[in-house]
Amino acid sequence: MLVSGNARGTDRGGVAPTVGLADIAGGAADLAVDETSLPPNPLIVVDLNLDQWEYADAAVAALERRTVVVVGFARTGLPPAATPILEALTCTLAPDGPGRTWTPGTTGDLAQIAATVSAAPRAALTLTGLLELTSRSCVADGLVAESLAYSMLLAGPEFAAWRADRPRREVPEAADPVLLDRTGDVLTVTLNRPDRHNAFGRAVRDGVLTGLTIAEHDDSVREIVLRGNGRSFCSGGDLDEFGTATDVSAAHLVRLQQSAALATHRLAPRVRALLHGACIGAGIEVPSFAGRVQAAADTRIRLPELSMGLVPGAGGTVGITHRIGRWRTAFLALTGCDIDVDTALAWGLVDERV
């Protein structure tokens, strides 16, 4: 999946060129599109074990320009002095390193990233630029940027290809998609579509918003507990509802008005999310805004949106990024792999194991 050598002239085909810091300083990762409106190489891998640290400052300066997806890879731990270059990369796979700029990873993870970018280069490049923006934005502004990016990709060819391969089924009606129960000063909001792993469709989203609105207008509600019935907390957006909007600009406006992420953020000091089982897509994006996130031992977390030609669209590029940094958020999205509760706890995506 990976090859060594200069990045220039390598075709896409799932192959990611591997370069050194000298190549990055020379512009190997610069974003430049060809006749297909895409870069010849949407992914560049930087071998950080090459002895080229004298080019680090120039490489950092080059990475301040618009770039493709640039992933660092090291077989040994990286020192604190590597921080500036790691902060400039999309993400870095290494056994150890400074701060939140690195993630333990293998060549298998690198191959998965290469496959993801090859299959959905537009979405992957959009994610890279979006995370740079949302990581330094306030929550409200970040959610606007995310929604704009998501809406754009809904109208793109990568999502259209994903949708065409998956026939849409009728979404059954649910009498009580969300249950609200108040005991004393605690309001419990329970996702109640266990037959669909509490997929975050319109009915579930609207039910959660109803519960949060009640609490927002009632100061006597001391705590809001967000939980799910069945085997999973939430398996993410309902795939049978994806792509039903015929006007993506209108969908953007609805997404801003009906944002469970923003409502959770406004109430964050009072919200406790209780996770278990599958927490996929929206199933981790919305809880990431809670003031406290607790997770059971069977919790597994995943961001699969790039495989659909999309970016996280339920607030994940904002809430998750503010919790764990844009580099580990990029790793989750680019690999699409599960992480367990211990990893989520170590990163700060989960506050407590229960």
Side-chain angles (χ1 to χ4, degrees), residues 1-34 38-118 121 124-133 135-136 321 324-331 333-335:
M1 187 67 73
L2 306 175
V3 296
S4 298
N6 191 283
R8 304 299 183 186
T10 306
D11 62 27
R12 288 184 199 100
V15 174
T18 300
V19 304
L21 292 178
D23 297 299
I24 297 298
D30 286 1
L31 179 62
V33 300
D34 59 19
L38 285 170
N41 300 295
L43 169 67
I44 299 293
V45 176
V46 184
D47 187 343
L48 295 172
N49 285 131
L50 296 178
D51 188 17
Q52 295 186 351
W53 292 104
E54 66 271 24
Y55 296 98
D57 290 344
V60 169
L63 291 169
E64 291 175 353
R65 303 190 290 264
R66 288 287 154 222
T67 69
V68 297
V69 181
V70 193
V71 176
F73 187 76
R75 291 165 292 280
T76 57
L78 295 166
T83 296
I85 189 67
L86 301 189
E87 288 180 343
L89 297 170
T90 305
C91 64
T92 296
L93 309 184
D96 197 3
R100 303 183 297 179
T101 57
W102 61 282
T103 306
T106 65
T107 54
D109 295 319
L110 206 52
Q112 182 58 54
I113 291 172
T116 298
V117 176
S118 177
L125 290 164
T126 299
L127 175 80
T128 298
L130 180 62
L131 290 177
E132 291 177 1
L133 178 62
S135 63
R136 57 178 185 266
T321 297
I324 68 173
R326 66 176 175 87
W327 309 277
R328 288 173 175 172
T329 305
F331 172 83
L334 287 168
T335 61

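P39 places a side-chain heavy atom less than 4.5 Å from the side chain of L31. In this structure, the side chains of P98 and L86 come closer than 4.5 Å at one or more pairs of heavy atoms. For the pair L43/V71, a side-chain contact is recorded, criterion being any heavy-atom separation below 4.5 Å from C-beta on. Contact of the Y55 side chain with the D23 side chain is not registered, since no non-hydrogen atoms from C-beta on lie closer than 4.5 Å.
Closest approach of V68 to T128, counting heavy atoms only: O-CG2, 4.3 Å. When all heavy atoms are compared, the tightest approach of I24 to A62 is O-CB, 3.3 Å. When every heavy atom of L38 is checked against every heavy atom of P121, the shortest pair comes out as CD1-CG, 3.7 Å. When all heavy atoms of D109 and P104 are compared, the closest pair comes out as OD2-O, 4.3 Å. In terms of heavy-atom proximity, W102 sits nearest to G97 at NE1-O, 2.8 Å. Counting all heavy atoms, side chain and backbone alike, N41 lies closest to P17 at OD1-CG, 3.6 Å.
With sequence neighbours left out, the side chain to side chain contact (heavy atoms under 4.5 Å, CB included) criterion links T116 to Q112, L306. For T76, the side chain to side chain contact (heavy atoms under 4.5 Å, CB included) partners two or more places apart in sequence, or in a different chain, are N49. In this structure, the side chain to side chain contact (heavy atoms under 4.5 Å, CB included) partners of E87, at least two apart in sequence or on a different chain, are T83, T101, W327. Taking the salt bridge (Lys or Arg N to Asp or Glu O under 4.0 Å) definition, one finds that R66 meets it with E132, sequence neighbours left out.
Atom OG1 in T321 sits 8.0 Å away from atom CG in L130 (nearest 0.5 Å).
Using a distance-only test at 3.5 Å, with no hydrogens or angles considered, no donor-acceptor pair links the side chain of T67 to the main chain of L63. T335 places a side-chain N or O within donor-acceptor distance of the main-chain N or O of F331, the cut-off being under 3.5 Å. No side-chain donor-acceptor contact under 3.5 Å links R328 to the backbone of T103.
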Quiz item: Passes side-chain contact (heavy atoms from CB on, under 4.5 Å), L21 versus L48? Steps please.
Solution: CA-CA 7 Å; L21 292 178; L48 295 172; 4.2 Å; yes
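Screening V19, T18, V69 for a side chain to side chain contact (heavy atoms under 4.5 Å, CB included) involving I44 leaves a single residue, V19.
Counting only residues at least two apart or in different chains, salt bridge (charged side-chain N to carboxylate O under 4.0 Å, His left out) contacts with residues 38-52 comprise D47-R75.
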Just distance, no hydrogens or angles: give the donor-acceptor pairs under 3.5 Å from side chains in residues 89-96, sequence neighbours left out.
from: T90; atom 1: OG1; to: V70; atom 2: N; distance (Å): 3.0
from: T90; atom 1: OG1; to: V70; atom 2: O; distance (Å): 3.3

